[in-house]
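Source: prediction; values computed, not measured.
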Amino acid sequence: MNAIAQLKTDITPEGPDYDTVRRVIELITEDYRDQPSLETIAERLGQSPTQLQKTFTRWAGLSPKAFLQAVTLDHAKRLLREEDLPLLETSFEVGLSGPSRLHDLFVTHEAMSPGEWKAKGGGLVIRYGFHISPFGLALIMVTDRGLAGLAFSDSGDEKACLEDMTCRWPNAQYVEDLQATMPYAARIFEPSKWSSDQPLRVVLIGTDFQVRVWESLLKIPMGRAVTYSDIAKDIGQPTAMRAVGAAVGRNPISFVVPCHRALGKKGDLTGYHWGLTRKRAMLGWEAGKA
């Protein structure tokens with residue numbers, strides 16, 4: 001890892017709400033097949049059902065029960081087959097409104113040139129910072145051209161998360177700069193601040209094939225999902241499902257470039273670089289916003 005990329009700032013979350021939400025997410029996503037009741041969840045966390053209901057609803061816009069339903073396999077299948085519409089195309093033609101449509105208009109992107117990619121970050125200054133998010137600690141990385149990286153970490157795993165991301169562009173210069181990353185953190189996780197009038201600038205740093213896959217991911221509205229084969233068809237390489245899956249797994253801008261909306265053919269969640277619990281949490285959170 002570039003020696004300059006060191007975590008200097010204490011970003012340990014404070015307050016009981018964040019910890020409660022994290023524990024609830026872990027519990028109901030790990031045990032989702034057992035359909036635990038609100039009372040069971042509250043008992044296991046040592047809280048009253050009323051207190052837990054208020055905390056979780058404030059976070060997700062959903063009750064714990066509704067969130068549990070949103071992370072089931074049946075829900076994932078519904079995302080894939082909703083009205084049997086051709087994915088990645090008709091989703092725009094049907095005139096989706098609300099936050100699901102706003103998210104697509106919220107992002108404007110550009111890709112770095114092949115030469116810049118081959119330099120492995122050489123000449124780039126990447127500013128980074130950890131911020132509290134609905135899905136744990138978010139590592140945000142920005143260049144003067146826009147958001148270049150978004151990763152997630154549990155408390156205590158920040159160093160490994162930072163190393164994971166900096167190793168992707170080993171020749172870049174890394175500067176911890178919370179003032180530079182804070183405006184991104186304030187917008188990314190707040191749907192009320194998604195606006196096509198002031199889109200979020202994103203810069204994609206990858207191979208030509210990876211960039212095409214990531215651009216395809218950007219077409220998926222919130223509240224929908226696609227399969228790897230859908231993406232392969234969208235980029236004109238219908239037999240490249242395995243390569244598509246690898247490119248999805250290397251997506252450096254999680255959540256904003258929504259790789260969590262890529263599912264297996266039968267609706268299974270398959271893998272997620274930052275953990276399947278977090279992927280389920282994102283899909284459930286979006287179910288409350290879409």
Side-chain angles (χ1 to χ4, degrees), residues 9 11 13 17-18 21-22 25 58-62 96 98-111 126-155 158 161-162 164-165 168 174-206 214-215 217-225 248 250-262 272-275 277-290:
T9 306
I11 39 73
D17 280 4
Y18 177 85
V21 167
R22 178 184 58 80
I25 294 171
R58 180 167 57 244
W59 172 81
L62 294 171
L96 295 172
S100 60
R101 187 69 180 104
L102 276 176
H103 185 269
D104 312 311
L105 300 174
F106 170 56
V107 177
T108 181
H109 72 278
E110 64 173 297
I126 298 180
R127 302 183 182 278
Y128 67 92
F130 280 91
H131 301 269
I132 296 174
S133 83
F135 314 112
L137 296 168
L139 171 60
I140 295 176
M141 312 182 88
V142 302
T143 72
D144 57 3
R145 293 160 68 175
L147 179 69
L150 175 55
F152 294 95
S153 169
D154 295 321
S155 183
E158 300 89 349
C161 178
L162 183 61
D164 184 310
M165 294 297 290
R168 300 172 188 233
Y174 293 92
V175 179
E176 186 175 9
D177 188 345
L178 292 176
Q179 287 188 331
T181 55
M182 180 65 76
Y184 289 86
R187 296 182 64 197
I188 289 170
F189 305 107
E190 182 47 66
S192 66
K193 296 183 180 180
W194 297 353
S195 170
S196 58
D197 296 331
Q198 293 182 314
L200 181 73
R201 290 190 305 140
V202 167
V203 57
L204 303 176
I205 309 175
W214 301 339
E215 287 174 336
L217 290 171
L218 282 169
K219 299 177 184 179
I220 313 170
M222 187 166 72
R224 295 293 302 278
V248 169
R250 293 297 294 171
N251 169 33
I253 313 178
S254 296
F255 187 73
V256 171
V257 178
C259 52
H260 60 284
R261 298 179 198 155
Y272 187 63
H273 191 76
W274 307 112
T277 291
R278 191 166 277 114
K279 183 172 184 174
R280 290 192 182 102
M282 289 178 178
L283 292 171
W285 186 87
E286 290 183 340
K289 308 295 182 183

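- In this structure, Arg280 and Tyr272 have side chains that are not in contact, with every pair of non-hydrogen atoms separated by 4.5 Å or more.
- Atoms NE2 and CZ, from His131 and Phe189 in turn, are 9.5 Å apart once rounded to the nearest 0.5 Å.
- The OG1 atom of Thr108 sits 9.0 Å away from the CG atom of Leu200 when rounded to the nearest 0.5 Å.
- The side-chain heavy atoms of Leu147 and Ile188, taken from C-beta on, include a pair separated by under 4.5 Å.
- Taking CZ from Arg278 and CG from Asp154, the interatomic distance works out to 4.5 Å, rounded to the nearest 0.5 Å.
- Here the options are Val203, Ile253, Leu218, the test is side-chain contact (heavy atoms from CB on, under 4.5 Å), and the partner is His109; only Leu218 passes.
- Counting heavy atoms from C-beta outward, Cys161 and Phe130 have side chains that approach closer than 4.5 Å.
- Looking at Val257 and Leu204, their side chains come closer than 4.5 Å, going by heavy atoms from C-beta outward.
- Of the possible polar contacts, one joining the Arg168 side chain to the Arg250 backbone as a donor-acceptor pair under 3.5 Å is found.
- Legend: residues meeting salt bridge (charged side-chain N to carboxylate O under 4.0 Å, His left out) with Asp177, ordered by chain and number and at least two apart, are Arg127.
- Once rounded to the nearest 0.5 Å, the distance linking CD1 of Ile205 with CH2 of Trp214 reads 8.5 Å.
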Go through it in stages, so that I can follow the logic: the residues are Leu137 and Ile132, the test is side-chain contact (heavy atoms from CB on, under 4.5 Å), and I'd like the CA-CA distance, side-chain angles, deciding distance and then a yes or no. CA-CA 5 Å; Leu137 296 168; Ile132 296 174; 4.2 Å; yes
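- What you find for Ser254 and Trp274 is that their closest heavy atoms are OG-NE1, 3.0 Å.
- Distance CE/Met165 to OH/Tyr128: 12.5 Å, rounded to 0.5 Å.
- The salt bridge (Lys or Arg N to Asp or Glu O under 4.0 Å) contacts involving residues 128-153 comprise Glu110-Arg145, Glu116-Arg145, where partners must be two or more places apart or lie in separate chains.
- Pro258 and Ile220 make their closest contact through CG-O, 4.2 Å (heavy atoms, listed as atom of the first residue, atom of the second, distance).
- Residues satisfying the side chain to side chain donor-acceptor pair (under 3.5 Å) criterion with Thr143, sequence neighbours excluded, are absent altogether.
- Here the closest heavy-atom approach between residue Arg201 and residue Tyr184 is recorded as O-CE2, 4.2 Å.
- Once rounded to the nearest 0.5 Å, the distance linking CE of Met222 with CH2 of Trp285 reads 6.5 Å.
- The environment of Glu190 atom CD is dense: over 12 non-hydrogen atoms of other residues, nucleotides or ligands sit within 6.0 angstrom.
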Apply side-chain contact (heavy atoms from CB on, under 4.5 Å) to the pair His260 and Leu283, showing each step before the final yes or no. CA-CA 7 Å; His260 60 284; Leu283 292 171; 4.0 Å; yes
